[in-house]
Amino acid sequence: RVKLIEQNKDTCFELLINFNTRWIDLNQFLNPKHHTTINDLLKTQGKKKVADLMKHVETPPHSCGMLARKIQRKVRAELFFTGFYGLDRACKFKFGELAVIAGESNDGKTTMVRQMMIFAIRNNIKLGCVFGEETNEKFMDLTIRQAYHGADNFESQVDYFGDSQFTPKPEVEDRFKNEFGEAVNLFQLGKVRDVERIGDKILDWIAFCSDIEGRRVFFVDNLMKVTADEESDEYVAQARFIEKLYRLAQKKRVFIMMIVHTKKITGLIDQNSIHGTKKIYNTPDYVIFFQRMDRFSQTKELTKDQADKKIRYKANIPEHVPFTSFMWAHKIRDRNPSYTKDLHALEYDFKTTCSTELLSSYHGNQVHRDGWSRFVNNISDQDSNF
C-alpha cells in the first residue's frame, strides 16, 4: 500500500484533498544516506524527532500548483544563435521559446531557415526539421548548395531541353552525410497514417527527439502544411496546434521556429498580413517578417525610390550599398519596445542562395558584412570560393 501511494502520489493527493488532508515533504528534511522513510527516522532518533517534523505539516499541492516560496531559480538563460548578428542581438532567442517567421510564398523563408540550420549544426547543435514541401533528395541538394559553395563540388549535366542541371558530386554527398547525417532528424510526412493528424504526430515527434535524442532546436515548415488534414475550421486547427507547440517548447526547454505564409499584398507586411488565426501573431515569443525588396517596391502608395529610402532609413543602410531583402523583428515578448520593429537588411547571393546581413559599423557610415558571411569565411578557402 505504501509503494502504491508513493508511485501515485499526485493522484492520491487529488483524491484526498477534499478530506482536509495534510502532508510533510520528507525530501526536505531527511538525508537519504541515513534515513529513507519516516519509520527509519523513528527507530534511529525517536519520537521527539518525528514530533518536530509535525511543525512543517502543510496542505498537499495540486498537481498544477506550487507555492511561490518553493520556486527554484533556473540557471542563466542560454541563447540560441541564428548566425545573423543583428537579428540575434535584437531578439536574443532563448531555449524554451517559440518563434514565427512569416512571408509570402517563394520569398525565401525556407532558404533563410536552412541557412540558420546549417549555422546551428556547425555550432554542435542537434536539431529536427519539418520540411513539408520538399523531398528528401531536394532537401539534401539544397542543403549541400548552401553549405558547400565551391563550384568544384558540383557536376553539370544537360537535360532533355538542353538546360544545365547541377548535381553534387558523390564525394560531396558523402561529406554532407558525415557532417549532417546524425545532426538532423527529418520528419517524414509520408509516414503519417491516414487515421493520424499531422500536427499531433509532429508534437509527439518533437517530444521524442528532445527526450530520447537530445535535440534542442526544431524548424517547422510550414503551419499551413501541418494543419492541412484537419477536418475542423482551418483557423481553429491552427490555433490549437500553435498553442500546443508553444507549451511544448516551454516544457521541453527547446527552441522552435515555425514558418507561416502571409497574404498576397503590396507594401510592407505586418501582423494583419498573416494568413490564418490571430494566435499566429499573439502566441509566439517572436514574430519575424521576411520580405523581398522587389515585392515591397510594388506598393501603389510609394514609388520604388521612396520605398528604397524608407527601408534604408529604418535599417540604417547607406545609399551606395545594395540589398535584396530584409527581416523585420516585429514582435519580441517581454523586451523593451525600442528593440522591436527593427529592420535587418540582407544581400542575397543567387549562386550560393545565401544571404548576408548588412550592419552599420562603428566607424562612420561604412557597412560591414556580418552573420553568415563571417561564418562562411571561417569554413575553408575551398568552400568560400563563390
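No hydrogens, no waters, no symmetry mates; every other heavy atom, side chains included, goes into these values. Just so it is clear, the model here is predicted, and its values are computed rather than measured.
Here the side chains of F241 and L223 are in contact, with some heavy-atom distance below 4.5 Å. Taking the side chain as every heavy atom from C-beta outward, E78 and K94 never approach each other to under 4.5 Å. A heavy-atom distance below 4.5 Å is not found between the side chains of L98 and F255. Using a 4.5 Å cut-off on side-chain heavy atoms (C-beta onward), I311 and F326 make contact. Between E243 and K279, the closest side-chain pair of non-hydrogen atoms falls below 4.5 Å. Within the 4.5 Å cutoff, no side-chain heavy atoms of E347 are placed close to those of S355. The closest side-chain heavy-atom distance from R292 to Y348 is not below 4.5 Å. I242 is listed as a side-chain neighbour of P284, based on a closest heavy-atom distance under 4.5 Å.
Across all non-hydrogen atoms, the minimal contact from K109 to I101 is CD-O, 4.3 Å. Residue I121 comes nearest to V184 through the heavy atom pair CD1-CG2, 3.2 Å, listed as atom of the first residue, atom of the second, then distance. Shortest non-hydrogen contact noted between H344 and G86 is CE1-O, 3.3 Å. In terms of heavy-atom proximity, V220 sits nearest to I256 at CG2-CG2, 4.3 Å. Heavy-atom minimum distance, E213 versus K126: O-NZ, 2.9 Å. Nearest heavy-atom pair across I274 and K263 is O-CE, 3.7 Å.
The CD1 atom of I206 lies 5.0 Å from the CG atom of L245; values are rounded to the nearest 0.5 Å. Atom CZ of F84 and atom CG of D88 lie 9.0 Å apart (nearest 0.5 Å). Between atom CD of residue E179 and atom OG1 of residue T143 there is a gap of 11.0 Å, rounded to the nearest 0.5 Å. The CD1 atom of I288 lies 7.0 Å from the CE atom of M327; values are rounded to the nearest 0.5 Å. Residue D221 holds its CG atom at 3.5 Å from CD1 of I259, rounded to the nearest 0.5 Å. Atom-to-atom distance recorded for I144:CD1 and Q146:CD is 11.5 Å, nearest 0.5 angstrom.
A donor-acceptor contact closer than 3.5 angstrom is absent between the side chains of D107 and Q291.
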**OP:** Give the C-alpha distance, both sets of side-chain angles, the deciding distance and a yes or no for side chain to side chain contact (heavy atoms under 4.5 Å, CB included) between E133 and K138.
**Re:** CA-CA 10 Å; E133 298 179 348; K138 184 179 180 181; over 6 Å; no
Original post:
Can you check side chain to side chain contact (heavy atoms under 4.5 Å, CB included) on F187 and C129, steps first, answer last?
Top reply: CA-CA 6 Å; F187 182 85; C129 296; over 6 Å; no
**OP:** Decide yes or no on side chain to side chain contact (heavy atoms under 4.5 Å, CB included) for N222 and H261, but give the supporting numbers first.
**Re:** CA-CA 8 Å; N222 55 67; H261 288 165; 3.7 Å; yes
Subject >> Stepwise side chain to side chain contact (heavy atoms under 4.5 Å, CB included) test for M293 and T324 >> reply: CA-CA 5 Å; M293 189 59 195; T324 55; 5.6 Å; no
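Under the rule for a side-chain hydrogen bond (donor to acceptor under 3.5 Å, both in side chains), the partners of N136 that lie at least two apart in sequence or sit in another chain are Q188. When the side-chain hydrogen bond (donor to acceptor under 3.5 Å, both in side chains) test is applied to E182, no partner is found at least two apart in sequence or on another chain.
Of the charged side-chain nitrogens involved, at least one lies within less than 4.0 Å of a carboxylate oxygen, so that D200 and R240 count as a salt-bridged pair. Between E97 and K92 there is no salt bridge, since no side-chain N of the basic residue sits under 4.0 Å from a carboxylate O of the acidic one. Ion pairing between D52 and K48 holds under the 4.0 Å rule for side-chain N and carboxylate O.
Judged by a 6.0 Å distance limit and a 45° cone about the ring axis, K331 is positioned over the six-membered ring of Y281. Judged by a 6.0 Å distance limit and a 45° cone about the ring axis, R312 is not positioned over the six-membered ring of F323. F95 carries R216 over the face of its six-membered ring, with the cationic atom under 6.0 Å from the centre and within 45° of the normal.
The aromatic ring centres of F81 and F93 sit 6.0 Å or more apart.
L186 and L127 fall within a single hydrophobic cluster, where Ile, Leu, Val, Met, Phe, Trp and Tyr side chains are chained together by heavy-atom contacts under 4.5 Å. F119 and L142 end up in different hydrophobic clusters when Ile, Leu, Val, Met, Phe, Trp and Tyr side chains are linked at under 4.5 Å.
In terms of modelled atom types and a separation under 3.5 Å, the side chain of R215 and the main chain of A183 share a donor-acceptor contact. Not one N or O on the side chain of D349 forms a donor-acceptor pair closer than 3.5 Å with the backbone of C354. Not one N or O on the side chain of S210 forms a donor-acceptor pair closer than 3.5 Å with the backbone of A207. The backbone N or O of R193 sits less than 3.5 Å from a side-chain atom of E196, completing a donor-acceptor pair. Under the 3.5 Å distance criterion, the side-chain polar atoms of N178 are matched with a main-chain donor or acceptor of D174. At distances below 3.5 Å, not a single donor-acceptor pair connects side-chain atoms of E155 with backbone N or O atoms of K169.
Taking the six-membered ring where the residue is Trp, H330 and W328 present perpendicular rings, their angle passing 60° and hence far from 30°.
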